[in-house]
Structures are given as structure tokens and as C-alpha cells.
Amino acid sequence: MSSMETPTPTPAASESAKLHRRALGVPDLVFFIVAASAPLTAVAGGQAATYLVTGNRGVPFMFIPLGIILALFAVGYAAMSRHVANAGAFYSYVARGLGKVPGVGAAFVALIAYNAMQIGIYGLFGVAMGAFMSGYLGVELPWWTWCLLGAGVIGVLGMLQIDLNARVLAVALVLEVLVVALFDLAVFADPGPQGLSLVGFDPTVAFGAAAGATLTFCVASFVGFESAAIYSEECRDPRRTVARATFIAVGLIAAFYALSSWLLSVAAGPDTIVNPARLVESGFATAGNPDPTTVLFVAGAERLGEIWGTAAALLFATSLFAALLSFHNAVARYAFALGREGVLPRAFGTVHAITGAPVISSLAQTVLAVSVVGIFALAAADPVLTLFTWLTNLGALGVLLLMTVTSFAVVGYFRRRPEEGLGRWTTAVAPAVAGALLLVVFVLGVTNFNVLITGSTEAPTDPMTIVLPAILFGGGVLGLLVGAILKARRSEVYGRIGEGGAEPEPREGP
């Protein structure tokens, strides 16, 4: 390894401008992680659609192997988190484990992936909020209006203290989980036409029809669980908090989604939820077309009443708002880490003097989100079928790639820096197995990408099946080139990559 790869000590002056320190505990991180997966949206929208698109009745079972894979990933990820407290998370892990040039490549992939997730969610948020305001309050406004209002609130919250953001997410998350839990209990007590069928947990069923597409759809429900390390600089005890929050989140998400997706199919009937004609006959339709996303709301209102139905409709929108806020904070911290270390312009590394928030990075993300939403609105594009579907699936694919590379980075890190007390299982076997399995899932994601963005296993190849992954891979290649240029021409910046870097002076007031 060249001398360029040796970490450069961070100047003492860097202590003058940091993110808000010691603000978050384990519960706060769990709220950020689980909120990013938008539980109500994942169950009512993503998992319901997975049944119909793939025709696979074994969706609940898929969360079991996925939970195991991500738990294996978390073993090495958590072990390395004790040595890496950097808002750049994956970027810093890859830089320290595989080298600084690959680290910059990972950083560019992360910026594309998390921006895509955050901006894409605006499409569904605008439609969901518009539907609620129109249906229940009689307020008729274009979908993009609600996006702009949401972006304004998120932009303000993004410049405030991170623990305030955690409290906002806590309220939204508790309410939406409560709504889904009430639905689960009601369906368990009063099942659908086929009773409490366990076909959803039959592995032969799960791997019998469109297994690759089903697995890819399900892994998208976990996106966000890996974000604990992004807030490591703002944790009270990063050596323990990140690991605990990650393991708790993986377990909660896997168990909650396996149970809820099962009871969702039980509510309609496992044979009905995968059959377009039966969905229409059973009343799960919109404008005469089969719509599996109505199953939770229709079946829930039948069992729990209209008050529950109204609350669920509102919380569907606030669930998306919570995910938007969580991803906004994640993107802002990636840009902050890169700006602080000089990979991006130094302005991105600016923090607010009072709140400790990455103010410039947060503002930049808000401007980018509003601009992209504006482009889709001016083009009269469908906010769900294009903005939401294209960008969130691109983001999920990017996060899969990052987790795969990070798994091997953990192996590389501990190979060069063995730690007494950590066995081979933690430092090599678990992360290597996780990396190999995640690579398989990633390849399935690429090969089934057309299914993800068209919503059909039989649809002809959409041009965006080529364009969107090309943007992701192109961003990674560009990052590698930038890293190579920094290595050759700017050794002082190159030496700080992944190490925290020297931080600029804080900005005065808003």
C-alpha cells in the first residue's frame, strides 16, 4: 500500500465545527432506520404490489432469508463501526477497507442512490397527500404542490438539531406502526376467505414463481436499515449505539414485514391477492382495475371502521414524509462528509453554528429535490409510475451495490488491522458470506430491473431499464476517476479521504 493510503491526522482545529455531538441514542437511531423503510407504505404499497406483479404467494417467507443475509452483513458492519465514526458511512468503510479511490467511487454511488430514493418518494407523497386532502377535506391541488410544501418543511427541519428530527420521526413511526399492528390483529381475529393459510411461509411456493423478482421487490423494503452509521458522529456512544441500533432494526423490520405481508394476503386470500380478476371481484380495485394497494385500507376499514380508515389514509402520507425526512438527513450527511474532506467543494462541509446541522448540504439537497420534481411536473409525467418507480428502484439498486462492496471492505479492513478479541467469524466469514449473498441479490436486481420499473414480468424492455443502471454505474466510474485524479494531483485531499478531514469554520445563524 502506498504512502498515500496512510491516514492523515486530522488537525486539532477540526473540533471547532462538528455535527451536533452526542445527540442520538439507540432508540433515536432505530427511528431513523425504520422510518426510512416507511412501514405503512411498504406493507400497503410495495408488498401488496409484489403479490400481483410476481404472482408469488410466498412473499412473507422471503423476508426470512433476507433478514438472515442482512444480519450477516450487520455482524461485520457493526464490528467496523467501532472504528469508523464518519457521516460518510459506506464511503468511509470502503475507503478504509479497500482503498481511497474505491471509497470515492462508493461515495458517488451513495449520492446517486440516496438522492434517488429521497427524490423518488416525493412522487408518491404528492399523490398520497393530494388524495387525502381531496377525499377527506375537499382541497384540490396538483400533486406537485404537496411536494413543494413537504420539501419546505423538510428543508427547515434539515437545518435544525438532529434530535428534533428524531422526535418528529418517532411520532410518525409509532402511529403508522400502530395502524398496521391494529390491521394485523383484526385480520388475525377475522381472516379472509381462505382463513389463516400458511402458504405464504412455504419455501417451495416462495421459490416457485418469479423468485428473483420477488426477492428484489422485498429487499427494497429494508432500504434504510444500513443508515445507522451515517449518524455515528452524532451518537452518544458510537462504538455501541450503531451496532445495537442496526441489529435491532434488522430484526424488527424482518419480523414485522414477514408477519404483516402474510396477514395482508390472508385479508384478501392468498389466491385472490395474486389474481387480477379475483381482486376486482372482491372489490380491491380502482376505476375498475385491480389494485392490490387497496387491500389494507379496504379490509382494514371493514374490520376496524371508518375512523381507522381515515387515520390509515393520513398516515400513509405521513409515512412517506417520515421516509423523506430520513433520507434527506442521510444525503445531507454524505455531502457534508465529502465537502469536509475536500472531495466536494468545501462549502458542503459547513455546519450551522447553533444546531450543528450540515446547513449547505441540506439546502443543496432541498434545491435538487425541488428541481427534479419540477422537471417531472413540467413534463406532465406520472408521479407514481415514473418519478417514484424509476428513482426509488434506482436507489434500492444502488444501496444493494453499496452493501455488497462494504461487506468486502470489512474483510479488507480487519485483514490489515486485526483486532484482538474479534474472531474470524466477525471479521471475515460473516461479512464475506454476506457480500457473496448480497452480490447474488444485486445481480437479481439488475436482471429483474425491467420488472421493477414496469410492474410486470411480461412487459417488453423499457429504455429506462438500461438508462437508470447506467447512471448508477456511470456515477461509480466517475467517482473512481475523481479519486485517481486526487491521488495524482491533490495529495493533501487524497490523504483525508475517509478519515474525517479538516472541517471549516461554522456558519453564523440562518
Side-chain angles (χ1 to χ4, degrees), residues 41-63 65-66 116 120 123-124 127 194 199-200 202-221 223 261-262 264-265 268-296 381-398 400 440-473:
T41 304
V43 176
Q47 291 159 28
T50 301
Y51 280 109
L52 184 60
V53 170
T54 64
N56 192 328
R57 296 175 298 164
V59 171
F61 176 83
M62 289 301 194
F63 288 102
L66 282 175
L124 187 56
V127 171
Q194 293 178 253
V199 68
D202 186 336
T204 61
V205 172
F207 288 100
T214 306
L215 197 62
T216 307
F217 268 112
C218 290
V219 79
S221 296
V223 171
S261 62
W262 170 57
L264 186 73
S265 72
D271 293 336
T272 297
I273 202 167
V274 298
N275 187 304
R278 288 193 180 185
L279 279 172
V280 175
E281 290 172 5
S282 301
F284 303 118
T286 301
N289 297 314
D291 185 358
T293 65
T294 63
V295 171
L296 183 141
D382 187 291
V384 176
L385 297 181
T386 57
L387 178 58
F388 173 75
T389 302
W390 290 356
L391 296 192
T392 56
N393 282 307
L394 173 62
L397 195 66
L400 264 176
V440 171
V441 178
F442 175 72
V443 171
L444 287 172
V446 173
T447 55
N448 286 279
F449 199 70
N450 195 61
V451 179
L452 297 179
I453 66 171
T454 62
S456 172
T457 56
E458 300 177 355
T461 302
D462 189 293
M464 299 309 292
T465 300
I466 309 300
V467 173
L468 293 173
I471 291 173
L472 185 70
F473 295 130

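All values derive from a computational prediction rather than experimental measurement. Hydrogens, waters and symmetry mates play no part in the numbers below; they use all other heavy atoms, side chains included.
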* Heavy-atom pair with the smallest gap, counting every atom of Pro60 and Gly200 -> CD-O, 3.6 Å
* To the nearest 0.5 Å, tell me how far Asn275 CG sits from Tyr51 OH. => 15.0 Å
* To do: Evaluate the criterion side chain to side chain contact (heavy atoms under 4.5 Å, CB included) for residue pair Phe217 and Val59; output intermediate values, then yes/no.
  => CA-CA 9 Å; Phe217 268 112; Val59 171; over 6 Å; no
* Asked: Does any N or O in the side chain of Asp291 come within less than 3.5 Å of the main-chain N or O of Thr286, such that one atom is a donor and the other an acceptor?
  -> no
* To do: I would like to know whether Val205 and Phe61 meet side chain to side chain contact (heavy atoms under 4.5 Å, CB included); could you show each step before the answer?
  => CA-CA 9 Å; Val205 172; Phe61 176 83; over 6 Å; no
* To do: Return the minimal non-hydrogen interatomic distance between Val199 and Pro270, and the atom names on each side.
  => CG1-CB, 3.6 Å
* Asked: Can you tell me if Ser282 uses its side chain to pair, donor with acceptor, with the backbone of Leu279 under 3.5 Å?
  -> no
* Asn393 and Leu468, any side-chain heavy atoms less than 4.5 Å apart -> no
* Asked: Got Thr50 and Thr214 here, is their nearest side-chain heavy-atom distance under 4.5 Å?
  -> yes
* Asked: Which residues pass the side chain to side chain contact (heavy atoms under 4.5 Å, CB included) test with Pro276, sequence neighbours left out?
  -> Leu52, Pro290
* Nearest-0.5 Å distance, CG of residue Asp202 to CZ of residue Arg57 -> 8.5 Å
* Asked: Between the side chain of Thr389 and the main-chain N/O of Val384, is any donor-acceptor distance below 3.5 Å?
  -> yes
* Of all the heavy-atom pairs spanning Thr54 and Ala210, show the shortest one and how long it is. => O-CB, 3.7 Å
* **Heavy-atom side-chain proximity of Val467 to Ile471 below 4.5 angstrom** => yes
* Asked: Can you tell me how far the CH2 atom of Trp390 sits from the CG atom of Asp382, to the nearest 0.5 Å?
  -> 10.0 Å
* Could you pull out the closest heavy-atom pair between Met62 and Ala206, with the gap in Å? => CE-O, 3.2 Å
* Give the minimum heavy-atom separation between Ala381 and Thr386, together with the two atoms involved. => CB-OG1, 3.5 Å
Donor-acceptor contacts, no H, no angles, side chain residues 440-450, under 3.5 Å, sequence neighbours left out:
residue, atom, partner, partner atom, Å
Thr447, OG1, Val443, O, 3.0
Thr447, OG1, Leu444, O, 3.1
Asn448, ND2, Leu444, O, 2.8
Asn450, OD1, Asp462, N, 2.8
Asn450, OD1, Thr465, OG1, 2.7
Asn450, ND2, Ala459, O, 3.2
Asn450, ND2, Pro460, O, 3.2

* Structure fact -> Shortest non-hydrogen pair, Val451 vs Ala213, comes out as CG1-CB, 4.0 Å
* **Euclidean distance, Leu264 CG relative to Gln47 CD, rounded to 0.5 Å** => 7.5 Å
